[in-house]
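This report concerns only the one structure given below.
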Protein chains: 2
Amino acid sequence: MPEKARRADQRARRASSLSSEPIDLGQLPDLLGYALRRAQVAVFRDFLKCFAKFDIRPVQYGILTVIELNPGLKQQQVCRALGIRRANFVTLLDDLERRGLAERGPSATDQRANALYLTEKGKALMRQLRKVNKAHEDRIAASLSPAKRRFLIQLLDQIELSAEAPNE
Amino acid sequence: MPEKARRADQRARRASSLSSEPIDLGQLPDLLGYALRRAQVAVFRDFLKCFAKFDIRPVQYGILTVIELNPGLKQQQVCRALGIRRANFVTLLDDLERRGLAERGPSATDQRANALYLTEKGKALMRQLRKVNKAHEDRIAASLSPAKRRFLIQLLDQIELSAEAPNE
DNA sequence: TATTGTTATACTCTATAACTATA
DNA sequence: TATAGTTATAGAGTATAACAATA
């Protein structure tokens, strides 16, 4: 049945294409990385469309969420939690601060570190964003039962742990 | 049980961190986009490590596969099959051609188009890459039973179809 | 008019090295 | 010595606009 399902899937892809020629993707549709990549790109595309009028990207939503739930966190802690490099985080936070959504404050215990907080404007935006995210999440999970959706996330976590860990 | 599983997962993430403070990720671990992104990044990192000595990235493996299985295809057809923009494909193909792995030939039916083929060197490389890919795939799927792995891919395909389709 | 390949361009993501000021 | 934040930089992914040649 799995091989049969694969063929059916390939037929579906062909049918949705504008091309008249059938294109053989070989093993690609059976590879986890291929399926993961395509699904992730599709979901992010949907996310960007839903959040377009707020000019918020997935990584920004993640940062705002972590700062809101953990006020006073250091930049490095946010970076570790979300898998962002320290160097790349600076520009991301600069942007959120410039837009008046988040702010760097002094740390009580470490003069090198910044303590991060959401502004009132940032908290107000998050109340809106959570609703938008709910609509987005419901749409991309529309074809999945709640049980399947939870199972999918569980499988994805297993995959993440099986693969290689980053360096830093 | 799902809520319980989520908490256990968050504890696991904390334990693997170097930080002593527990960081609340809120709903993030329950979002498909978040889990998808993290899994995809981890899998690609593993892929890059496995293919490093061949200097092959996932998109290049996909292009070589499609050209090998469908000799004579036009650039636009490869682009549609793999979700690559025409403009971005030019540089990718330039590189493969410069390395002597693929080549642009004249199309018998359309003088605007290029017919794409693998060189003998490209075919020989693919014989090696398929073995490397098998090892890579086995590793990232090590924690999954064959049935779970197939089910995961099926769910990912559903997700892809539920999300928004691209413009072009 | 539409399509194919191409060039130019821009923005984001990912990554490394190196600097400064603190610890 | 090590860590926190920063700057500079580079490569890769993604995207749009516009052009010449051809359909």
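Counting to the nearest Å, the P atom of D/dA21 and the CD atom of B/Gln75 are 17 Å from each other. Taking atom CG on A/Asp95 and atom P on C/dT12, their separation rounds to 8 Å, with Å as the unit. Atom P of nucleotide C/dT12 and atom CG of A/Leu48 are separated by 11 Å, given to the nearest angstrom. B/Phe89 places its CZ atom 15 Å from the C1' atom of D/dG13, with the value rounded to the nearest Å. In this entry the distance linking CZ of A/Arg45 with P of C/dT12 reads 17 Å, nearest Å. In this structure, A/Phe44 atom CZ and C/dC11 atom P are separated by 20 Å, rounded to whole Å. To the nearest angstrom, C1' of C/dT3 lies 16 Å from CZ of B/Arg85. Atom CG of B/Leu92 is separated from atom P of D/dG11 by 15 Å (rounded to the nearest Å).
Between B/Lys74 and B/Arg37, the residue anchored closer to the 5' end of DNA chain C is B/Lys74, taking for each the nucleotide with the nearest heavy atom. Nearest-nucleotide positions on DNA chain D for B/Gln111 and A/Thr91 put A/Thr91 closer to the 5' end. The residue among B/Ala113 and B/Asp94 whose nearest nucleotide of DNA chain C is located toward the 5' end is B/Ala113.
For C/dT3, its base sits under 3.5 Å from the side chain of B/Arg112 at one donor and acceptor pair at least. In this model, no side-chain donor or acceptor of A/Asp110 finds a partner on the base of D/dA4 within 3.5 Å. Between the side chain of B/Asn88 and the base of D/dA15, at least one donor-acceptor pair of N or O atoms lies under 3.5 Å.
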Polar-atom pairs under 3.5 Å, protein N or O versus N or O of nucleotides 18-20 of chain D: list them with distances, or write none.
none

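The closest side-chain donor-acceptor pair between B/Gln40 and B/Arg37 falls under 3.5 angstrom. If you check the side chains of A/Arg104 and A/Gln75, you find a donor sitting under 3.5 Å from an acceptor.
Listed pair B/Arg104 / C/dT6 meets the phosphate criterion, a side-chain N or O lying under 4.0 Å from OP1 or OP2.
Judged as a ring pair (Phe, Tyr, Trp, His ring centres under 6.0 Å), not a single pair has a partner in residues 69-114 of chain B (not counting sequence neighbours). Applying the ring pair (Phe, Tyr, Trp, His ring centres under 6.0 Å) test to pairs two or more places apart or on separate chains, none has a residue in residues 96-115 of chain A. Residue pairs that meet the ring pair (Phe, Tyr, Trp, His ring centres under 6.0 Å) test with at least one member in residues 122-156 of chain A, sequence neighbours left out, are A/Phe47-A/His136, A/Phe151-B/Phe151.
In this structure, CD on A/Glu103 lies 10.5 Å from CG on A/Leu93, to the nearest 0.5 angstrom. Rounding to the nearest 0.5 angstrom, the gap separating the CG atom in B/Leu36 from the CZ atom in B/Arg38 is 12.5 Å. With rounding to the nearest 0.5 Å, the separation of CG in A/Leu116 from CD in A/Glu97 is 8.5 Å.
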Check: When you look at A/Leu152 and B/Ile159, which way does the side chain to side chain contact (heavy atoms under 4.5 Å, CB included) test go after all the steps?
Finding: CA-CA 10 Å; A/Leu152 172 56; B/Ile159 292 289; 3.8 Å; yes
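Listed in residue order, the members of residues 53-66 of chain A having a heavy atom less than 4.0 Å from DNA chain C are A/Arg57, A/Val59.
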List the atom pairs, with distances to 0.1 Å, where a side-chain N or O of residues 52-66 of chain B and a protein N or O form a donor-acceptor pair under 3.5 Å, not counting sequence neighbours.
from    : atom 1 : to      : atom 2 : distance (Å)
B/Gln60 : OE1    : B/Arg57 : N      : 2.7
B/Gln60 : NE2    : B/Asp95 : OD2    : 3.2
B/Thr65 : OG1    : B/Tyr61 : O      : 2.8

